Asker: 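Handing you this structure, nothing more for now.
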Number of protein chains: 2
Amino acid sequence: MARRRLTQEERKKETRQLLLESAVETFAQLGFHGASVDKIAEYAGFSKGAVYAHFNSKEDLFLAILEQQMLLHVENIHQVIDQQHSLSHFLETMDEYFHSVRQENRTWSMLNMEFLLYAMREESVRHKWSTMITESVEQISKAIEKLMSKENHESTLSTNEMAWTILSLENGLAIFYYISEDRVPLHLYGKALQNMLLSPR
Amino acid sequence: MARRRLTQEERKKETRQLLLESAVETFAQLGFHGASVDKIAEYAGFSKGAVYAHFNSKEDLFLAILEQQMLLHVENIHQVIDQQHSLSHFLETMDEYFHSVRQENRTWSMLNMEFLLYAMREESVRHKWSTMITESVEQISKAIEKLMSKENHESTLSTNEMAWTILSLENGLAIFYYISEDRVPLHLYGKALQNMLLSPR
DNA sequence: GTCTATAAAGCGATAGAC
DNA sequence: GTCTATCGCTTTATAGAC
């Protein structure tokens with residue numbers, strides 16, 4: 001009996017996950033308004049009814065993947081931060097992380113943009129994002145501070161300002177990568193960061 | 001007779017301009033899919049019919065303001081570039097330009113984001129934007145080169161890489177300004193650019 | 001050129017069968 | 001839990017009056 005219930009719960013979770021994955025793809029491709037519940041369901045191999053059995057509304061579904069994406073991004077950042085030995089190594093890893101996300105996972109990048117635009121318009125979501133971003137900035141800021149004190153580094157930028165710049169440049173460059181692709185200089189992200197944070201003396 | 005025709009043409013142009021301005025506001029506020037032709041017309045004080053008398057479709061209207069915005073942005077960049085005496089002065093002016101656009105004209109910034117997302121999805125628009133951006137980059141690159149040779153400056157970044165970074169950071173920081181507003185350090189744009197391009201020695 | 005009316009299609013969401 | 005059918009509303013776009 002316990003076994004049977006577990007299987008059913010697993011099946012339910014699996015459907016939910018399939019719907020989430022389809023939603024990720026569809027929202028990224030067509031945007032929030034452009035992606036219909038019908039299309040999302042169809043792409044996952046279900047009907048509209050299945051979506052409304054798992055989520056209260058289209059917006060609810062959207063916010064669910066927003067939540068998922070938020071946690072994943074924060075987790076990635078933490079992983080990157082925790083394994084650093086030097087500031088230079090840190091920036092290199094950030095550059096690699098940046099490129100792997102852009103190239104292997106175009107969908108997530110476009111979805112990220114969609115979230116950003118959504119957050120700019122919806123106050124509640126904007127506030128949530130703002131909090132998450134600020135926390136990421138603080139994490140990065142602390143990590144930089146630790147690395148800098150270890151290396152006796154100095155800069156006219158505060159570590160907080162550096163952290164904001166790192167994340168801003170990531171987003172800004174990502175946009176251009178998708179629009180101009182081959183025209184954007186390779187590994188500019190890492191190079192620009194090195195230049196900004198490790199000023200030659 | 002000539003006078004009468006001119007007046008009519010002027011009226012036609014005026015209506016068209018009013019519709020364009022309303023479209024700018026509405027698309028920025030609600031996004032491409034979220035903004036209906038009805039709302040755009042109503043906000044301008046007209047009915048839907050008037051819109052279709054001036055534009056073939058909703059997308060046509062969208063592309064018309066995209067064109068207008070493109071030209072304006074390029075013009076602004078040129079104006080900023082042409083009046084520079086030193087690299088430091090150039091970066092300061094860019095910082096001022098950045099802030100005036102963000103604060104006085106939130107609408108245009110959000111519209112800019114909307115365009116970017118649209119361009120990321122529509123191949124024809126993407127190509128147009130790519131060309132325009134590349135031209136802007138070249139303009140900025142040349143301006144920096146001139147200023148640097150005048151001041152005997154050196155850097156590990158090429159002027160081309162600098163230009164891409166300048167525009168990327170502008171977009172990336174703009175996003176965060178709208179989401180986190182008061183938490184983003186003031187005048188970070190100019191400061192970060194100074195640090196990146198004018199490395200202390 | 002601008003209006004009102006309307007067509008035709010798509011949307012989010014719900015109801016009821018299974 | 002998932003389906004089909006359907007409601008009620010909004011959308012883009014067109015037709016015809018003025």
Side-chain angles (χ1 to χ4, degrees), chain A residues 1 3-66 114 118 121-122 125, chain B residues 1 3-66 114 118 121-122 125:
Chain A
M1 190 127 63
R3 200 176 183 284
R4 194 187 179 91
R5 271 188 61 187
L6 188 68
T7 311
Q8 280 183 354
E9 271 178 29
E10 277 177 349
R11 193 180 299 280
K12 182 182 168 185
K13 262 199 175 174
E14 199 184 306
T15 300
R16 191 189 147 92
Q17 193 53 38
L18 283 172
L19 288 172
L20 281 171
E21 283 166 23
S22 168
V24 163
E25 193 66 38
T26 315
F27 277 130
Q29 233 57 253
L30 305 171
F32 178 75
H33 285 103
S36 68
V37 179
D38 238 346
K39 283 177 191 154
I40 293 170
E42 196 182 357
Y43 188 82
F46 295 93
S47 71
K48 251 195 311 194
V51 174
Y52 284 99
H54 288 271
F55 305 94
N56 292 326
S57 66
K58 180 183 174 180
E59 192 175 27
D60 190 41
L61 169 58
F62 187 73
L63 295 179
I65 61 176
L66 172 61
E114 192 62 33
Y118 193 86
R121 289 181 182 127
E122 288 290 325
V125 178
Chain B
M1 189 127 66
R3 202 173 184 283
R4 196 187 178 88
R5 268 187 63 187
L6 189 66
T7 311
Q8 281 183 351
E9 270 177 31
E10 277 176 349
R11 193 179 301 278
K12 181 181 169 184
K13 262 198 176 175
E14 200 183 307
T15 300
R16 191 189 148 92
Q17 192 53 38
L18 284 171
L19 288 172
L20 281 171
E21 283 166 22
S22 168
V24 163
E25 193 67 38
T26 315
F27 277 130
Q29 233 59 253
L30 304 172
F32 178 74
H33 285 102
S36 69
V37 179
D38 236 346
K39 282 176 192 155
I40 294 170
E42 195 182 358
Y43 188 82
F46 295 93
S47 71
K48 253 191 317 191
V51 174
Y52 285 99
H54 287 273
F55 305 94
N56 293 325
S57 65
K58 180 183 172 178
E59 191 174 26
D60 189 41
L61 169 57
F62 187 75
L63 294 179
I65 63 176
L66 172 61
E114 192 62 34
Y118 193 87
R121 290 179 182 129
E122 288 290 326
V125 178

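Below, chains carry the letters A, B, ... as their sequence lines are ordered, and counting in each starts from 1. Every value quoted in this text rests on a predicted model; they were computed, and no experiment measured them. Atom set for the values below is all heavy atoms of this structure, side chains included, hydrogens, waters and symmetry mates excluded.
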Asker: Given D/dG1, C/dA13, D/dA13, which nucleotide is nearest the side-chain atoms of B/Tyr52?
Answerer: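 Of all the options, the side chain of B/Tyr52 is nearest to D/dA13.
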Asker: With a 6.0 Å cut-off (strictly less than), is the heavy-atom count around CZ of A/Phe32, excluding the residue itself, greater than 12?
Answerer: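 Counting other residues, nucleotides and ligands, CZ of A/Phe32 exceeds 12 neighbours.
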Asker: Within this structure, what is the CZ-to-P distance between A/Phe32 and C/dC11, rounded to whole angstrom?
Answerer: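 So the CZ-P distance, A/Phe32 to C/dC11, works out to 13 Å.
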Asker: I need the CD-C1' distance between A/Glu59 and C/dC11, as an integer number of Å.
Answerer: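 A/Glu59 atom CD is separated from C/dC11 atom C1' by 15 Å.
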Asker: Compare the minimum distances between each of C/dC3, D/dT12, D/dC3 and the side chain of B/Phe46, then state the nucleotide with the smallest one.
Answerer: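 Per side-chain heavy atoms of B/Phe46, the pick is C/dC3.
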Asker: Answer yes or no: does a side-chain N or O of A/Thr15 lie under 4.0 Å from OP1 or OP2 of D/dT2?
Answerer: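 The answer is yes; a side-chain N or O of A/Thr15 sits under 4.0 Å from OP1 or OP2.
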Asker: How close do A/Ile40 and A/Leu19 get, counting heavy atoms only, and between which atoms?
Answerer: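 Minimum heavy-atom separation between A/Ile40 and A/Leu19: CG2-O, 4.1 Å.
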Asker: Without decimals, in angstroms, what is the distance between B/Asp38 CG and C/dT6 C1'?
Answerer: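 Rounded to whole Å, this separation is 13 Å.
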Asker: Just the rounded figure in Å: distance from P of C/dG16 to NZ of A/Lys48.
Answerer: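 Computing the A/Lys48:NZ to C/dG16:P distance gives 17 Å.
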Asker: Ignoring backbone atoms, establish whether B/Ser47 has a side-chain N or O less than 4.0 Å from OP1 or OP2 of C/dT2.
Answerer: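 No, because none of the side-chain N or O atoms of B/Ser47 sits under 4.0 Å from OP1 or OP2 of C/dT2.
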Asker: When you compare the side chain of B/Tyr118 with that of B/Leu66, does any pair of heavy atoms fall below 4.5 Å?
Answerer: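 A side-chain contact under 4.5 Å is absent here.
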Asker: Verify the contact: side-chain N or O of B/His33 to OP1 or OP2 of D/dT11, cut-off strictly under 4.0 Å; return yes or no.
Answerer: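 B/His33 to D/dT11 OP1/OP2: no side-chain N or O under 4.0 Å.
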Asker: Establish, with yes or no, whether the OP1 or OP2 oxygen of C/dC11 is under 4.0 angstrom from a side-chain nitrogen or oxygen of A/Lys39.
Answerer: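 Looking at the OP1 and OP2 atoms of C/dC11, one of them is under 4.0 Å from a side-chain N or O of A/Lys39.
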Asker: Hey, does B/Ala35 reach any base, or is it just sugar-phosphate, or nothing, if we go heavy atoms under 4.0 Å?
Answerer: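 Sugar-phosphate: the residue B/Ala35, judged by heavy atoms under 4.0 Å, touches backbone atoms but no base.
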Asker: Restricting to non-hydrogen atoms, name the atom on B/Lys58 and the atom on B/His33 that form the minimum distance, rounded to 0.1 Å.
Answerer: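 That would be NZ-O, 3.7 Å.
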Asker: At less than 4.0 Å, is any side-chain N or O atom of A/Ser36 found next to OP1 or OP2 of C/dC11? Yes or no.
Answerer: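 It does, given that an N or O in the side chain of A/Ser36 lies less than 4.0 Å from OP1 or OP2 of C/dC11.
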